[in-house]
Visitor: 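Starting off with a structure, shown below.
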Amino acid sequence: MSAHVPERVRREDERLARERQKIARDGPKLKGAKLEARLERTWSRPRGIIGWLATVDHKEIGRRYIVTALLFLALGGVLALAMRVQLAQPDSALISPQRYNELFTMHGSTMMFLFAVPVMEGVAVFIIPLMLGTRSTAFPRLNAFSYFMYLFGGLLLWGAFLLNIGPDIGWFAYTPLSGPQFSPGKRADIWAQMITFTEVSALAAAVVLVCTILKTRAPGMTLARMPLFAWAMLVVAVMIIFSMPAVALASSMLISDRLIGTNFYNAYEHGDALLWQHLFWFFGHPEVYIIFLPATGFVSVITETFCRRPVFAYPIVVLALISTGILAFGLWVHHMFATGLPRVGYSFYTSASMTVAIPTALQIFCWLATMWDGRPRFQVPMLYVVGFIVTFVIGGLSGVIIASVPLDLQLHDTYFIVAHFHYVLIGGAVFPLLGILTYWYPKITGRMMNETLGKIGFWMIFLGFQLTFFPMHLAGLLGMPRRVYTYPAGVGLELPNLLSSIGAFVVAAAVVLFVINGLFSLYRGAVAPSNPWGASTLEWAAASPPRPYNFAHIPVVESRTPLWDAEGELPVVTGLRVDEKEILLTTVVAATPDLREPVPGASLWPLIAAIAVGVLFVSSIFSPWAVVFGAIPAAIATAAWFWPKELKRHPEPVIS
Amino acid sequence: MILEPRFTDSVADLPTHKFGPSSLTWWGIIGFMIIEGAFFGLAFAAYFFLMGHEQGWPPEGRQAPNLLWGTLFLIVMLLSEIPNSMIKKAARERDVPTIRGLMPVIIGIGGVLLVIRGFEFNNLNCRWTDDAYSSVIWMLLFLHTTHIITDWGDTIVLWLLMRTDLGWEGRRLVDTDENCLYWRYVWLLWIPVYLMIYWVPRL
Amino acid sequence: MTVGGRASVVPLALAASACSYQHYQSTFGNAATEARQFNILFVIFLVICAIMYLAVIAFLVASIARRRRAGEANTVEEGRHHESNPLMRTALISWGAVVGSGLVALAIASFIADRSMASAAANEKLSITVTGNQWWWDVQYNAGDNSKMVRTANEIHLPVGVPVRIYLKSNDVIHSFWVPSLAGKQDLIPGRDTDITVVPRKVGIYRGQCAEFCGAEHAKMALVVDVDSYRDFIKWWQHQLQPAPAPATPLAKAGYAFVTSRNCSVCHAIAGTPASGTVGPDLTHFASRRTIAAGAMPMSEGNLYGWVEDPQSIKPGSKMPTIGLEPNELHAVVAYLETLK
């Protein structure tokens with residue numbers, strides 16, 4: 001080793017080693033208020049608008065994700081209300097067919113790409129480092145970049161819609177309808193490029209989450225002691241990594257067909273319209289589990305805290321999460337049962353689609369067993385868990401029904417399917433989300449949400465949801481297809497549609513109530529202590545809201561329920577730097593301390609790179625040369641992001 | 001904190017860099033490699049899916065791409081592993097002068113590869129608009145080209161950094177080691193792409 | 001339709017209201033072998049799923065309502081949060097076994113139904129080709145020789161009890177052929193050939209609709225299937241083979257002249273006249289159909305006027321342009337079209 005090192009460098013090494021001795025570190029000699037004041041200075045970002053744009057604090061980025069996603073939820077919900085007004089009566093002419101097609105395209109795309117996945121990512125990005133006992137995610141600048149890419153994708157889609165060039169091809173954009181011949185203009189390209197934005201964002205966030213969960217856990221938090229929510233996010237992040245490339249590839253091939261004349265989906269030149277469906281659904285089916293599995297994590301979190309005991313059969317729940325994640329990749333053809341593929345092949349997908357119900361059924365058992373064995377307290381988060389069970393299981397069972405090919409051939413592309421997926425997505429993901437936002441609200445804001453308003457809101461959304469979506473099962477059975485701007489009078493569809501439309505407004509009111517509760521409680525809610533619910537996981541050992549550095553000392557974990565087993569004091573490790581940002585890396589399985597890792601400070605480069613990449617993506621809708629020319633600023637921004645601010649060596653590494 | 005801390009071990013003597021899976025960036029790079037692998041894997045699936053529709057491949061008596069340039073590319077890529085492995089070893093041994101000397105070789109090879117790639121595009125014997133077969137082989141070649149360009153860019157920036165004083169820092173050596181790992185991935189992935197563009201149409 | 005957790009009143013009322021429409025476009029139509037098998041299988045699935053749901057709700061209610069004496073539960077307050085009820089593990093395994101066997105039973109039922117539908121349809125006696133277009137259905141009855149071939153649009157007549165195989169093609173985007181009272185759906189995909197076999201069992205009129213989003217007027221791409229007795233079907237077929245009758249009245253003659261000399265004949269065909277366009281629906285026996293514009297409106301004189309004068313206001317985006325006819329031209333055209341029975 002030393003053969004290559006010149007004398008000058010060796011002397012520098014020795015000087016730096018001496019400097020290293022003088023570095024301030026946390027421990028018995030530096031603790032309490034003095035330590036916290038220094039950590040505060042080190043971990044705070046610069047004040048002002050530049051600091052706000054440049055932040056790499058996972059809590060700030062997580063909050064941004066959640067707020068942005070909830071805004072898109074509201075926008076998507078308004079579109080739904082418009083659709084329900086149109087469908088409240090038969091032969092309605094309130095909304096033109098063109099506009100209606102844009103509405104349901106925007107509704108589906110907004111909910112799936114701009115709300116459901118980002119809100120789960122946002123919650124994870126906020127809470128996971130706290131839950132794992134560390135101070136930052138891995139790759140915090142990549143985290144910031146992923147938020148900006150998401151935001152720009154959403155702005156692209158909604159900007160286009162408001163400028164009257166929004167997409168009208170459905171959220172699933174089947175070819176050849178979405179191809180150059182049948183969708184002239186730029187609407188479909190805008191949709192396809194929004195996909196590219198949001199999938200780059202999700203992939204970046206997935207890499208951040210996998211690396212955070214595997215490498216930054218507190219010492220002693222072996223994989224077997226890791227909270228179930230962290231397991232759920234690990235599985236989800238891996239699923240994102242394997243599935244999102246499918247939709248990115250498919251949408252890039254679509255843009256290519258439309259812009260430069262390739263023939264991937266063109267049957268007349270040996271392409272195939274079904275290639276789109278295979279690629280899209282290879283992504284699309286795992287996508288719904290990407291939305292659902294974090295919600296099962298939420299349910300585990302809430303059930304544990306409000307039943308005052310850990311979830312029953314932890315290993316079974318972990319195995320259920322992993323097997324659901326794997327099985328989810330083998331189901332996609334069940335979206336294509338009507339396309340005339342060989343029936344023998346379909347049988348495999350029927351079996352797989354039924355099999356995937358088993359791990360989820362086991363998770364449900366485990367939650368119910370936890371309730372049985374514990375003492376459930378029915379505060380608002382737990383109410384949402386009960387609402388989830390009652391509602392999601394209906395959706396799961398209607399899913400079992402449509403897993404059967406003969407049944408699906410009648411029910412596919414009807415309102416029965418609309419009912420099914422809203423039951424599993426709203427019952428299965430939104431209810432737990434509302435519960436977890438109520439639960440983690442004190443951690444995020446330092447105040448409690450109003451319990452009474454929360455209970456009213458729960459009952460409104462729970463009952464309103466049933467009123468809206470249960471009749472849709474019947475509408476489908478009575479022959480109402482999907483994606484229709486109106487339906488004929490006299491075939492029995494009036495009553496179910498009217499009920500759905502009324503219910504939609506009840507749901508909307510409930511969401512408004514939730515938001516009012518959230519905003520009102522920011523200023524008037526009861527001030528929250530560190531652990532208002534008496535929960536067991538590490539995030540509740542930090543302040544509410546947490547200081548920028550999360551924990552004054554990195555905790556050590558000795559069980560699955562650290563705060564319940566803590567007995568008044570929390571074991572911690574010592575020795576991390578106080579005047580530079582630093583976290584502890586531990587080994588993947590056993591979480592033994594392994595490395596100390598510097599953490600980057602605030603930086604504008606993620607934003608600048610996102611703008612450069614955004615310009616590249618948007619301009620490539622209009623010209624293929626943009627790929628070449630737009631790549632140059634993107635490359636410069638990325639290089640500048642990586643390039644250190646100072647080119648001199650420090651006693652211990654910093655990321656500037 | 002609501003709970004009083006009970007001090008246990010100190011982690012102050014833990015290193016701040018290590019090669020291989022202990023490194024956080026190693027996991028990040030593996031993550032991106034899997035993403036790109038999934039991208040290519042799905043592109044391969046699309047290739048075989050479209051091929052499954054055809055009686056002949058390439059269809060309609062179209063000529064398969066010329067072997068010369070693609071094979072030349074393959075040979076140069078495989079040869080580039082020699083300086084690549086030397087750089088990787090030098091990184092682990094803190095042999096910064098070797099790194100500084102050899103990285104320009106890799107960068108030069110990258111430039112040569114991009115020139116050969118230009119000839120490859122010209123010798124595919126079809127235009128991307130011709131039919132689905134043409135579209136898919138152009139796509140595979142294009143995807144791999146973006147792969148080469150991004151790694152070439154990464155390597156140039158890293159080389160510039162290694163030329164400064166920071167090149168002696170442990171974490172930069174880990175970066176170099178991981179960059180070599182990624183270069184290996186780029187040529188490894190070329191092998192199936194090469195086979196699918198040049199040989200499968202000849203079967 | 002009722003699956004626990006909600007009062008069963010509303011779904012039953014909805015079902016009752018459905019009955020009064022004679023299963024016009026409903027999966028409860030039971031008008032063909034395929035539809036009947038769907039109903040049986042659906043009921044089997046519904047019953048088993050309902051039982052599973054009730055089991056979940058029972059466990060939920062019991063967990064909430066059960067009385068726990070002080071110190072008896074396994075909670076952190078009682079210091080027993082690391083323990084679990086010993087019976088739970090057995091219960092978990094049983095639950096898994098029950099769910100697994102239930103799903104296996106359902107899967108087997110599904111396969112049996114699937115196989116039986118495939119074999120029931122094996123001997124087709126009649127063959128039709130339906131080609132999907134944005135936003136209408138081209139229907140062609142395949143026969144040995146061209147003299148027996150019938151071409152029509154948006155309406156299919158079938159003889160009861162006779163297996164018919166419908167070949168499905170598309171001229172543009174993906175559509176889906178769905179007549180719920182008769183059978184499940186099948187997509188029409190450009191560049192691919194699919195087909196569906198149906199054995200109608202009940203005489204009646206059934207409505208179908210395109211079930212794959214196909215653009216602006218997807219909602220108004222419907223079709224009518226008229227299941228007749230065998231004798232009535234043959235009569236209909238013979239009639240369809242006749243060319244269009246020559247116009248008799250002066251108004252109809254003027255209409256004939258307009259239709260065959262102006263743009264109408266570019267898109268539409270009328271057998272026995274020079275009009276031979278294939279881009280739009282065949283109009284030879286247009287006036288004998290039950291609907292106009294693929295189910296957009298019932299066939300009537302008033303609706304004919306409305307359609308011919310301004311198709312874009314009834315089905316905006318459809319391929320038939322509004323060309324601004326003079327009133328006398330409009331009367332003439334409608335008069336002629338009404339003769340096309």
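Quick caveat: nothing in here was measured; it's all calculated off a predicted structure. Numbered from 1 within each chain, the chains take letters A, B, ... in sequence-line order. Note: hydrogens, waters and symmetry copies are ignored here, and every other heavy atom, side chains too, is used.
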Visitor: With a 4.5 angstrom heavy-atom cut-off, could you sort out which part of A:Ala237 is near chain B: side chain, backbone, both or neither?
Guide: neither
Visitor: Tell me which of these, B:Ile30, B:Asp130, B:Val96, B:Thr164, has more heavy-atom pairs under 4.5 Å with chain A than the rest.
Guide: B:Asp130
Visitor: Any side-chain heavy atom of A:Phe642 sitting closer than 4.5 Å to one from B:Asp154?
Guide: no
Visitor: Quick check on A:Val588 against chain B: is it the side chain, the backbone, both or neither that has a heavy atom closer than 4.5 Å?
Guide: side chain
Visitor: What residue, out of A:Glu646, A:Arg8, A:Met244, has the most heavy-atom pairs lying under 4.5 Å from chain B?
Guide: A:Arg8
Visitor: Relative to chain A, which segment of B:Tyr47 carries a heavy atom at a distance below 4.5 Å: side chain, backbone, both, or neither?
Guide: neither
Visitor: Flag the one option from B:Arg127, B:Arg171, B:His53, B:Met139 with the top tally of heavy-atom pairs under 4.5 Å to chain A.
Guide: B:Arg171
Visitor: Looking at A:Phe264 and B:Ser135, what are the two nearest heavy atoms and their distance?
Guide: CZ-O, 3.4 Å
Visitor: Below 4.5 Å, heavy-atom pairs only: which of A:Lys31, A:Lys215, A:Glu12 has the largest tally toward chain B?
Guide: A:Lys215
Visitor: Quick one: what part of A:Val627 sits under 4.5 Å from any heavy atom of chain B, side chain, backbone, both or neither?
Guide: side chain
Visitor: Could you tell me whether the side chain of B:Glu54 reaches within less than 4.5 Å of the side chain of A:His270, counting heavy atoms only?
Guide: yes
Visitor: Examine whether an atom of A:Leu142 lies under 4.5 Å from a heavy atom of chain B, and if so say whether it belongs to the side chain, the backbone or both; otherwise answer neither.
Guide: side chain
Visitor: Quick one: what part of B:Phe49 sits under 4.5 Å from any heavy atom of chain A, side chain, backbone, both or neither?
Guide: side chain
Visitor: Determine the option with the most heavy-atom pairs under 4.5 angstrom with chain B, choosing from A:Pro28, A:Ala639, A:Ala246, A:Pro593.
Guide: A:Pro28
Visitor: Under 6.0 Å from the CH2 atom of A:Trp643, do we count more than 12 heavy atoms belonging to anything else shown?
Guide: yes
Visitor: Is the closest side-chain heavy-atom distance between B:Asp9 and A:Val556 below 4.5 Å?
Guide: no
Visitor: If we define contacts as heavy-atom pairs under 4.5 Å, which of A:Gly271, A:Pro598, A:Ala206, A:Ala566 has the most with chain B?
Guide: A:Pro598
Visitor: What part of A:Ile241 is in contact with chain B, defined as an atom under 4.5 angstrom from a non-hydrogen atom: side chain, backbone, both or neither?
Guide: both
Visitor: Answer yes or no: is there a side-chain heavy-atom contact under 4.5 Å between B:Leu14 and A:Leu595?
Guide: no
Visitor: I'd like to know which of B:Ala45, B:Ala38, B:Pro15, B:Gly31 tops the heavy-atom pair count under 4.5 Å against chain A.
Guide: B:Pro15
Visitor: Measuring heavy-atom distances to chain B, does A:Met253 have an atom under 4.5 Å in its side chain, in its backbone, in both, or in neither?
Guide: side chain
Visitor: What part of B:Glu60 gets within 4.5 angstrom of chain A, counting heavy atoms only: side chain, backbone, both, or neither?
Guide: side chain
Visitor: Taking every heavy-atom pair that is under 4.5 Å apart, which of B:Thr25, B:Val157, B:Ile35 has the most such pairs with chain A?
Guide: B:Ile35
Visitor: If I measure from the heavy atoms of chain B, does A:Arg25 come under 4.5 Å with its side chain, its backbone, both, or neither?
Guide: side chain
Visitor: Does any backbone or side-chain atom of B:Thr98 lie under 4.5 Å from a heavy atom of chain A? Answer side chain, backbone, both or neither.
Guide: neither
Visitor: Less than 4.5 Å to any heavy atom of chain B: does that hold for the side chain of A:Leu279, its backbone, both, or neither?
Guide: side chain
Visitor: Does A:Arg20, at its CZ atom, have more than 12 non-hydrogen atoms belonging to other residues, nucleotides or ligands within less than 6.0 Å?
Guide: yes
Visitor: Would you say the side chain of B:Pro5 lies within less than 4.5 Å of the side chain of A:Thr574, judging by non-hydrogen atoms?
Guide: no
Visitor: By a 4.5 Å heavy-atom criterion (distance strictly below it), what part of A:His278 contacts chain B: side chain, backbone, both, or neither?
Guide: side chain
Visitor: If every non-hydrogen atom of B:Leu161 is compared with every non-hydrogen atom of A:Pro644, which pair is closest and at what distance?
Guide: CD1-CD, 3.6 Å
Visitor: Side chains of B:Trp168 and A:Pro6: does their closest heavy-atom pair fall under 4.5 Å?
Guide: yes
Visitor: When rounded to the nearest 0.5 angstrom, what is the spacing between OG1 in A:Thr212 and CH2 in B:Trp27?
Guide: 12.5 Å
Visitor: Are B:Arg94 and A:Asp13 side-chain neighbours, meaning at least one heavy-atom pair lies under 4.5 Å?
Guide: yes
Visitor: Which heavy atom of A:Cys211 sits nearest to which heavy atom of B:Gly28, and what is that distance?
Guide: SG-N, 3.6 Å
Visitor: Any salt bridge between A:Glu569 and B:Arg6, counting N to O under 4.0 Å?
Guide: yes
Visitor: Is it the backbone or the side chain of A:Asp594 that comes under 4.5 Å from a heavy atom of chain B, or both, or neither?
Guide: both
Visitor: Can you say whether A:Ala635 sits under 4.5 Å from chain B via the side chain, the backbone, both, or neither, judging by heavy atoms?
Guide: neither
Visitor: Do the side chain of B:Thr129 and the main chain of A:Thr262 share a donor and acceptor less than 3.5 angstrom apart?
Guide: no
Visitor: Could you tell me which of A:Val207, A:Leu576, A:Leu647 has the largest number of non-hydrogen atom pairs under 4.5 Å with chain B?
Guide: A:Leu647
Visitor: Answer yes or no: is there a donor N or O on one side and an acceptor on the other, between the side chain of B:Trp128 and the main chain of A:Ser256, under 3.5 Å?
Guide: no
Visitor: Select one option (side chain, backbone, both, neither) describing which atoms of A:Ile655 are under 4.5 Å from chain B's heavy atoms.
Guide: side chain
Visitor: Please tell me if the side chains of A:Phe139 and B:Leu24 come closer than 4.5 Å, counting only heavy atoms from C-beta onward.
Guide: yes
Visitor: When only pairs under 4.5 Å are counted, which of B:Glu169, B:Glu36, B:His17, B:Lys18 shares the most heavy-atom pairs with chain A?
Guide: B:Lys18
Visitor: Please say whether more than 12 non-hydrogen atoms of neighbouring residues, nucleotides or ligands are located less than 6.0 Å from CZ in B:Phe142.
Guide: no
Visitor: Measure distances from A:Tyr265 to the heavy atoms of chain B and classify the residue's part below 4.5 Å as side chain, backbone, both or neither.
Guide: neither
Visitor: How long is the gap from CG on B:Leu42 to CZ on A:Phe242, to the nearest 0.5 Å?
Guide: 10.5 Å
Visitor: So how far is it from B:Asp13 CG to A:Arg596 CZ, rounded to the nearest 0.5 Å?
Guide: 8.0 Å
Visitor: With only heavy atoms counted, which part of A:Ile554 is less than 4.5 Å from chain B, the side chain, the backbone, both or neither?
Guide: neither
Visitor: What part of B:Leu160 lies closer than 4.5 angstrom to a heavy atom of chain A: side chain, backbone, both or neither?
Guide: both
Visitor: Highest number of heavy-atom pairs under 4.5 Å with chain B: which of A:Leu249, A:Leu584, A:Val210?
Guide: A:Leu249
